[in-house]
Amino acid sequence: VNITAILARGRDAAPDAMLKNAELGDRIRQAIAQLSPDHRQVILLREVEGLQYEEIAATIPCSLGTVMSRLFYARKKLQELLKDTYENAT
């Protein structure tokens with residue numbers, strides 16, 4: 001889930017598309033808020049701040065394996081929380 005790319009799509013869109021993108025952005029922010037603090041931290045550092053795994057490990061601090069695990073489970077949880085959103089978009 002590349003949150004930054006999804007949120008950036010609406011910058012040059014028509015008003016109705018901008019409204020849909022704003023609603024999508026709200027849904028994504030709500031889903032992120034439902035993550036555990038550890039999962040929220042790594043997903044924001046990776047997807048919003050654009051840090052590499054090694055940079056995240058040094059920032060938190062934790063092992064590289066822990067970063068990878070937390071990202072995996074954070075993305076999995078976001079997919080579950082946003083499932084109806086992306087199923088309705090197709």
Side-chain angles (χ1 to χ4, degrees):
V1 177
N2 187 334
I3 297 163
T4 306
I6 293 170
L7 294 176
R9 285 186 199 154
R11 290 188 189 139
D12 299 319
D16 61 332
M18 289 175 59
L19 178 60
K20 286 182 182 179
N21 286 332
E23 292 170 357
L24 178 59
D26 287 343
R27 297 282 313 264
I28 292 170
R29 281 185 280 280
Q30 290 171 3
I32 291 171
Q34 293 181 50
L35 297 175
S36 72
D38 288 338
H39 291 147
R40 185 171 44 251
Q41 181 181 37
V42 294
I43 202 77
L44 291 174
L45 288 172
R46 175 69 182 147
E47 302 299 342
V48 177
E49 298 297 326
L51 297 182
Q52 299 296 317
Y53 290 11
E54 295 83 5
E55 295 172 310
I56 297 169
T59 300
I60 292 180
C62 67
S63 72
L64 183 60
T66 298
V67 169
M68 294 170 69
S69 174
R70 288 179 184 173
L71 278 170
F72 174 82
Y73 287 107
R75 289 174 176 148
K76 186 176 178 180
K77 182 67 174 177
L78 287 173
Q79 286 176 341
E80 291 172 16
L81 293 169
L82 297 168
K83 183 177 181 180
D84 65 321
T85 301
Y86 63 81
E87 284 180 348
N88 292 334
T90 58

Atom pair CZ (R29) and CG (L24), whose distance is rounded to the nearest 0.5 Å
9.0 Å

When every non-hydrogen atom of H39 is compared with those of R70, the smallest separation belongs to CD2-O, 3.3 Å

Is any side-chain heavy atom of I60 closer than 4.5 Å to one of L45?
yes

Considering all heavy atoms, the nearest R40-A33 contact:
NH1-O, 3.1 Å

Linked, directly or transitively: M68 and V42 (ILVMFWY side chains, under 4.5 Å)
yes

In terms of heavy-atom contacts, L51 and R46 come closest through O-NH1, 3.0 Å

Verify same cluster id: V48, Y73 (apolar side-chain graph, 4.5 Å)
no

Is the shortest heavy-atom distance from the side chain of Q34 to the side chain of K77 under 4.5 Å?
no

For a quick test of reading the model, state the closest non-hydrogen atom pair linking C62 to V67 and the distance between them.
SG-CG2, 3.5 Å

Closest heavy-atom contact between R27 and L82?
O-CD2, 3.7 Å

Check whether L44 and L64 end up in the same hydrophobic cluster, where Ile, Leu, Val, Met, Phe, Trp and Tyr are linked by side-chain heavy atoms less than 4.5 Å apart.
yes

Answer yes or no: is there a donor N or O on one side and an acceptor on the other, between the side chain of T59 and the main chain of E55, under 3.5 Å?
yes

In Å, rounded to the nearest 0.5 Å, how long is the span from CG of D38 to CD1 of I43?
13.0 Å

